[in-house]
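Read the structure below first, then the notes.
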Number of protein chains: 2
Amino acid sequence: MLPQSLDRHSAIPLYFQIQQHLSDEIRSGKLRPADPIPSEQEIAARLQVSRMTARQAIKYMCNLGLVYTRRGKGTFVSGVKLEKNFRQVLSFSEEMRAQGNRASSRVVHFKTIRADSELAEALHIGLNEEVVSLCRVRLANSQPMAVEASHLALRSVPNLMKLFNPRSSLYQALSDNYGIEVMFADEIVEAGLARARESKLLRVVAGSPVLYFRRIAFTGNGKPIEYVKAAYRGDRYKLVNRLTRPEGGTLRHKS
Amino acid sequence: MLPQSLDRHSAIPLYFQIQQHLSDEIRSGKLRPADPIPSEQEIAARLQVSRMTARQAIKYMCNLGLVYTRRGKGTFVSGVKLEKNFRQVLSFSEEMRAQGNRASSRVVHFKTIRADSELAEALHIGLNEEVVSLCRVRLANSQPMAVEASHLALRSVPNLMKLFNPRSSLYQALSDNYGIEVMFADEIVEAGLARARESKLLRVVAGSPVLYFRRIAFTGNGKPIEYVKAAYRGDRYKLVNRLTRPEGGTLRHKS
DNA sequence: AAGTGGTCTAGACCACTCG
DNA sequence: GAGTGGTCTAGACCACTTG
C-alpha cells in the first residue's frame, strides 16, 4: 500500500513520490473504489515525513479527483475511471493519440489575413491587424473528423509564416520558437448543421449535425494567444466533461 | 490591497478570510489582470500569520483559476472573467438564475419504470430494477430550452415518488430527504437532430440542431445516483468550458 | 544580492466520526 | 476516547528571477 521508502536525494519532491505511488495502486486496482487510503498520520509515520508533506500528497490526488476526504473518517478512493479524457488543453494529435487513433492533418490554407471584429475581440488586437490563419482538416485513421481554423496575432508570433511548417505541431512551434506555453483555454460549443463548405471538407451531406467550437487559448498571464474556430462531425465526435461542485470553505464551529 | 486585520475568533478560517479579501479586490477591479498580488511573505508579515497560511490562501485562489504563480517572480491576477459559468454541477434553475433568466419547468411524466441495459449500466444496478423517471421540459422566460429526463434507482431513494413534488427541486429533495449530495458529474455531449417527439416538446421543426447530453451524477463516494438524458435546443443553448493544462509535479534540480 | 515561490519539518489545537 | 482530517505556527533550505 505504501512504498518501502522514499528517494530523499531525488529531484522528485517527496509529496510527489507519495502521490505517484498511491495513484499507481489505484490505477492498478490494488486500491479499489471506496477503499480507504492510509491516513495522513500513518503515511507520516511510516515514510518518516512530516504530516504536512503527507497531506500535500493527498491534497494533490484530491484535486485530481482520484480520492476524496471526509473529516473524521478518512480518505477514500473515488469510484471514477480517470482513463477517460477529461478535457484538457490538448492538441488534436495528442487527443487522438490518447484514444489510440492515428491522427493526421491536411492543410487547407496557411496565410495572413486582416482581423475582422470577431478576431480583434477574441485576440485583443486592433481591427485589420495582421493575423496568421491556419486551416486544417483533422483526420483520425484517415477519416475526416473536423475542420479547424487557428488564428494568431502576427504581432505575437513574428515570422511564424517562415518558422513554422504547417504540417507539424503548432503548440510545439509556439513553445520552441517563442517560449509560449498555452496554460488554459475557454471554449464555447454549439450544435449546428454543416454548411456547404464544411460538408465538402468533412465528406458529409450538407445539413448533417456538427459541433461548432470557438476556443480562445491563453498563456499563463492571461493573454489570448490563439483563436480557434472548428466544426466537428456530429457522428464521430463527442465531448466528455467532468463537472464539479463549487469549492467552499470549511467552517470552523465556534465553541 | 490587504485587509487591516483578520478576525481571529471567527468561524471562518484565516486562509479563507485572506482569500476572500483578495478575490473581492480582483472581482471589483482594484486588482487588474497581470497585477501582482502581495507575496506570501508580505501577507504573512502584514497579517501576522505564518507563511504556510498565506500560501494556503494563494493556493486556493490558484485552484480557482483566479491567479497564477511563477517561481521566483510572484503571483499574478489571471486575466480571466470568472463571471461566466464555468460548468459546475448546477441544477437547471440554478444555471438559468445565474444568467439572469427566469427558469420554470413543465412535467411531462413522473413514474417508475424498469431499467433497460443503458440505465442499468449507468446507475450500476440490475436489469429490470425499478427506476424513478422524471421527464421535464425546461423553460427559460417561458421559452422551451430543453427536454430533460432524470433517472434514479428507486432503491437509492425509496419513497421518492411520495416524498417529492416533481415541480420542486430534485437536488434539494435528495439533500433534505436522503442526505444525498451530488459531488460531481460526468457528461457526454453530442450534436444531433431533433427527433419528432423532442421537436414537438421544444417547439422546433424536426431536424433542427440539438445538443444531446447524457450525464451521470455521483455522490462523494463515487456512487452513481442520477442518470440524465437531455436534448437542448441548438439555437438557444451553448456550452462554455474551461480547459486546463494537466497538472505536473515540479522538479527539484539537484545541485 | 535580494526577493520570490516550492518544499519540508515537528510540533500544536480543533471539530468531527465512530465504537 | 481514539482516530481522522482541518487549520495553524515558526522556523528552514532550495531553485528561480531580476536588478
Side-chain angles (χ1 to χ4, degrees), chain A residues 6-20 22 34-63 67-78 179 181 220-221 247-255, chain B residues 6-20 22 35-63 67-78 179 220-221 247-255:
Chain A
L6 301 173
D7 180 353
R8 303 192 89 91
H9 301 89
S10 156
I12 316 284
L14 298 178
Y15 81 90
F16 199 82
Q17 294 182 42
I18 299 170
Q19 170 276 132
Q20 269 186 318
L22 288 171
D35 281 354
I37 70 170
S39 73
E40 297 174 356
Q41 353 219 27
E42 188 177 347
I43 294 174
R46 295 257 296 274
L47 299 181
Q48 304 278 354
V49 296
S50 84
R51 194 186 140 207
M52 289 300 278
T53 301
R55 194 174 163 70
Q56 193 176 359
I58 290 177
K59 191 78 198 288
Y60 186 90
M61 291 192 290
C62 216
N63 286 338
V67 300
Y68 62 94
T69 59
R70 282 290 167 273
R71 202 220 281 277
K73 298 179 78 171
T75 301
F76 306 88
V77 178
S78 69
E181 303 284 348
N221 60 14
E247 238 185 297
T250 309
L251 294 192
R252 184 200 302 156
H253 292 291
K254 278 174 90 168
S255 51
Chain B
L6 301 173
D7 181 351
R8 298 208 163 244
H9 301 90
S10 156
I12 316 284
L14 297 178
Y15 82 89
F16 199 83
Q17 294 182 42
I18 299 170
Q19 169 277 132
Q20 269 187 320
L22 288 171
D35 281 353
I37 70 169
S39 73
E40 298 174 353
Q41 353 219 24
E42 189 179 346
I43 294 174
R46 295 256 297 272
L47 299 181
Q48 303 280 328
V49 297
S50 84
R51 195 187 139 206
M52 289 300 278
T53 301
R55 194 174 163 69
Q56 192 176 0
I58 290 177
K59 190 80 198 289
Y60 186 91
M61 291 192 291
C62 217
N63 286 337
V67 299
Y68 62 95
T69 60
R70 283 290 166 274
R71 202 221 281 274
K73 297 178 76 171
T75 301
F76 306 88
V77 177
S78 69
N221 59 15
E247 237 185 298
T250 309
L251 294 192
R252 186 201 300 156
H253 294 289
K254 277 173 93 167
S255 50

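Letters A, B, ... mirror the listed sequences (proteins, then strands); counts begin at 1.
- Here the OG1 atom belonging to T53(B) is positioned 11.0 Å from the CD atom belonging to E40(B), to the nearest 0.5 angstrom.
- Here the closest non-hydrogen pair linking V49(A) and A54(A) is CG2-N, 4.2 Å.
- For the atom pair OG1 (T69(A)) and CD1 (I58(A)), the distance works out to 8.5 Å, reported to the nearest 0.5 Å.
- Contact between the side-chain N/O atoms of T75(A) and the OP1/OP2 oxygens of dG5(D) is found at a separation under 4.0 Å.
- Neither OP1 nor OP2 of dG3(C) sits under 4.0 Å from any side-chain N or O of Q41(B).
- The shortest non-hydrogen separation linking Y15(A) to A57(A) is O-CB, 3.4 Å.
- Rounded to a whole Å, the CD atom of Q56(A) is 16 Å from the P atom of dG5(C).
- Using a 4.0 Å cut-off, some side-chain N or O of Y15(B) falls inside it from OP1 or OP2 of dT7(D).
- For the pair I12(B) and Q17(B), the tightest heavy-atom approach, listed with the atom from each and the gap, is O-NE2, 3.0 Å.
- Taken to the nearest 0.5 Å, the CG atom of L6(A) stands 5.5 Å off from the CG atom of L14(A).
- Distance L6(A) CG to dC8(C) P: 9 Å, rounded to the nearest Å.
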Contact list (N/O, under 3.5 angstrom) for nucleotides 17-19 of chain C vs protein:
unit_1	atom_1	unit_2	atom_2	d
dC18(C)	OP1	K73(A)	NZ	3.3

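- Atom CD1 in I58(B) sits about 10 Å away from atom C1' in dT4(C), given to the nearest Å.
- Comparing dT9(C), dT7(D), dG5(C) by their nearest atom to the side chain of L14(A) picks out dT9(C).
- The CZ-P distance, from R55(B) to dT7(D), rounds to 16 Å in whole Å.
- Regarding E40(A), its CD atom lies at a distance of 6 Å from the P atom of dG6(D), rounded to whole Å.
- In terms of phosphate contacts, S39(B) brings no side-chain nitrogen or oxygen within less than 4.0 Å of OP1 or OP2 of dG3(C).
- Note that CZ of R55(A) and CD1 of I18(A) are 13.5 Å apart. Values are rounded to the nearest 0.5 Å.
- Regarding contacts with the backbone of dT7(D), every side-chain N or O of T53(B) stays at 4.0 angstrom or more from both OP1 and OP2.
- T75(B) OG1 to K59(B) NZ: the interatomic distance, rounded to the nearest 0.5 Å, is 11.5 Å.
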Do any N or O atoms of the protein come closer than 3.5 Å to N or O atoms of nucleotides 10-12 of chain C, and which pairs are they?
unit_1	atom_1	unit_2	atom_2	d
dA12(C)	N6	R51(A)	NH1	3.2

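- The side chain of R8(B) contributes no N or O atom lying less than 4.0 Å from OP1 or OP2 of dC13(C).
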* To do: Could you give me the CA-CA distance, side-chain angles and deciding distance for I43(B) and L22(B), then say whether side chain to side chain contact (heavy atoms under 4.5 Å, CB included) is met?
  => CA-CA 11 Å; I43(B) 294 174; L22(B) 288 171; 4.2 Å; yes

